[in-house]
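In what follows, residues are counted from 1 in the order of the sequence shown. Every heavy atom of this structure was used, including side-chain atoms; hydrogens, water molecules and symmetry mates were not.
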Amino acid sequence: MWETPFAALPKSMQNKEVYRYWRQLMRRRGELAVKAGFDRAAAAVLLCALGPLMAASACLAAADGGPVFFRQVRVTQYGRPFVILKFRTMRPGEGPAVTAGGDARVTPAGAFLRRHRLDELPQLWNILRGEMSFVGPRPEVPCFVRCYTPEMMATLLLPAGITSPAALRFRREEELLRRAKDPERLYREKILPEKAKENLRYLWEFSLRGDCKVLWDTLRAMAGGLCAERAKRGSTCTPPGRRRTGAAEDTVP
């Protein structure tokens, strides 16, 4: 799949901007093959190893009597739609395509799952199926993909990921959206283009070493969140590694 000829890409992706990134990735096709193999093998191992944690998270998701899983159509590699799996964190019902901080639809148990990223665990199944990767651009819903510029379409050259440099930068995205009068417009016009820039940089600079760094930074960010929670309760802990300072985070122009 990482050796798909450019002429075989969807027509919406066959433009000169996408071609530049496709040609760059073809220089890394050996590493992309390793990445795909690692993704599926690691997902299989983690699904087994994290079984008890996933069972506990499922119980929390169903605590209010609703369904365990949240299913939504997203877009992955080459513009293919797929159904993403998450533990449900919100009450069923209609609402905006983006979730702002303080959203009344989020359940108390769901807030805990979201805060610790436990709602993302079922996406290991998406990885095992080849629909996602551990590292890659986060999958968007179709209505936002339709807003992509020709260059932004290049972000669909790789499978969608659970984490990415853009996801790390905007990990407090919900707080940004909470302050907006029109969260969907802010996301579409400001946040989405900034995420695309980060994702395009990730594609251009792709390497297995870079993916390892993103995974480490993600684990460090999660540990930092746990430490912050313990600090509120009067406990202390030290997150692994050294926190980065002075870098742009959760900002839009």
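Between Phe87 and Phe70, the ring centre distance reaches or exceeds 6.0 Å.
Side-chain contact between Phe82 and Val73 is absent, with no heavy-atom pair separated by less than 4.5 Å. Side-chain atoms of Arg71 and Ile84, non-hydrogen and from C-beta on, never get closer than 4.5 Å to each other. Side-chain contact between Arg201 and Pro165 is absent, with no heavy-atom pair separated by less than 4.5 Å.
Atom CD1 of Ile191 is separated from atom CD of Glu173 by 5.0 Å, given to the nearest 0.5 angstrom. Rounded to the nearest 0.5 angstrom, Phe206 CZ and Arg28 CZ are separated by 7.5 Å. Atoms CG and CD1, from Leu47 and Ile127 in turn, are 8.5 Å apart once rounded to the nearest 0.5 Å. One distance of note links CG of Leu157 with CG of Asn199; it measures 11.5 Å at 0.5 Å rounding. Summarising the geometry, atom CD belonging to Glu184 is positioned 6.5 Å from atom SG belonging to Cys143; distances are rounded to the nearest 0.5 Å. Rounding to the nearest 0.5 Å places NZ of Lys197 at 14.5 Å from OG1 of Thr155.
Within a 6.0 Å radius of CZ in Arg27, other residues, nucleotides and ligands contribute more than 12 heavy atoms.
With no hydrogens or angles considered, a side-chain donor-acceptor pair links Ser133 and Asp39 at under 3.5 Å. Between the side chains of Tyr187 and Glu140, at least one donor-acceptor pair of N or O atoms lies under 3.5 Å. With no hydrogens or angles considered, no side-chain donor-acceptor pair links Tyr202 and Ser164 at under 3.5 Å.
Salt bridge absent: Glu198 and Arg138 never bring a charged side-chain N and a carboxylate O closer than 4.0 Å. Remark: Glu131 does not engage Arg74 in a salt bridge, criterion side-chain N to carboxylate O under 4.0 Å. Residues Lys35 and Asp211 are paired through a salt bridge, judged by an N-O separation under 4.0 Å between the basic side chain and the carboxylate. The pair Glu175-Arg172 does not meet the salt-bridge criterion, since no charged nitrogen lies less than 4.0 angstrom from a carboxylate oxygen.
Considering every non-hydrogen atom in both Asn15 and Pro150, the closest pair reads ND2-O, 3.4 Å. Leu113 approaches Thr89 most closely through the heavy-atom pair CB-CG2, 4.1 Å. When all heavy atoms are compared, the tightest approach of Ala154 to Leu203 is O-CD2, 2.9 Å. Shown here for Gln14 and Ala7, the closest heavy-atom pair between the two residues is NE2-O, 3.1 Å. For the pair Leu177 and Pro183, the tightest heavy-atom approach, listed with the atom from each and the gap, is CD2-O, 3.5 Å. For the residue pair Leu9 and Trp22, the shortest heavy atom distance occurs at CD1-CD1, 4.3 Å.
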Exercise for the section: Could you walk me through whether Leu156 and Gln77 pass side chain to side chain contact (heavy atoms under 4.5 Å, CB included), step by step? Expected result: CA-CA 5 Å; Leu156 300 177; Gln77 189 177 35; over 6 Å; no
Problem - Worked verdict on Ile162 versus Asn126 for side chain to side chain contact (heavy atoms under 4.5 Å, CB included) - result: CA-CA 10 Å; Ile162 288 182; Asn126 291 121; over 6 Å; no
Exercise for the section: Report the C-alpha separation of Arg91 and Thr107 in whole Å, then their side-chain angles, then the decisive distance to 0.1 Å, and conclude whether the side chain to side chain contact (heavy atoms under 4.5 Å, CB included) test is met. Expected result: CA-CA 7 Å; Arg91 298 175 182 86; Thr107 65; 3.8 Å; yes
Practice task
For the pair Leu186 and Lys181, evaluate side chain to side chain contact (heavy atoms under 4.5 Å, CB included) and give the outcome as yes or no after the intermediate values.
Solution key: CA-CA 8 Å; Leu186 174 67; Lys181 292 182 179 179; over 6 Å; no
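Within the 3.5 Å criterion, the main-chain N or O of Met26 finds a donor-acceptor partner in the side chain of Arg29. Under the 3.5 Å distance criterion, the side-chain polar atoms of Glu120 are left unmatched by any main-chain donor or acceptor of Lys86. Remark: side-chain polar atoms of Asp119 are not paired, donor with acceptor, to backbone N or O of Ala111 under 3.5 angstrom. Not one N or O on the side chain of Arg88 forms a donor-acceptor pair closer than 3.5 Å with the backbone of Val68. Formation of a donor-acceptor pair under 3.5 Å by the Thr163 side chain with backbone atoms of Val135 is not found in this model. Checked by atom type and distance alone, the side chain of Gln123 never pairs as donor or acceptor with a backbone atom of Met132 at under 3.5 Å. Remark: side-chain polar atoms of Arg171 are paired, donor with acceptor, to backbone N or O of Leu168 under 3.5 angstrom. With Glu151 contributing its side chain and Glu17 its backbone, the two residues share no donor-acceptor pair below 3.5 Å. Between the Gln24 side chain and the Trp204 main chain, a donor and an acceptor come within less than 3.5 Å of each other.
No path of Ile, Leu, Val, Met, Phe, Trp and Tyr side chains, each step under 4.5 Å between heavy atoms, connects Val83 with Phe69, placing them in separate hydrophobic clusters. Both Leu158 and Phe38 are members of a single hydrophobic cluster when ILVMFWY side chains are connected at heavy-atom separations under 4.5 Å. Val34 and Val45 fall into different hydrophobic clusters, defined by Ile, Leu, Val, Met, Phe, Trp and Tyr side-chain heavy atoms under 4.5 Å apart, directly or through other members.
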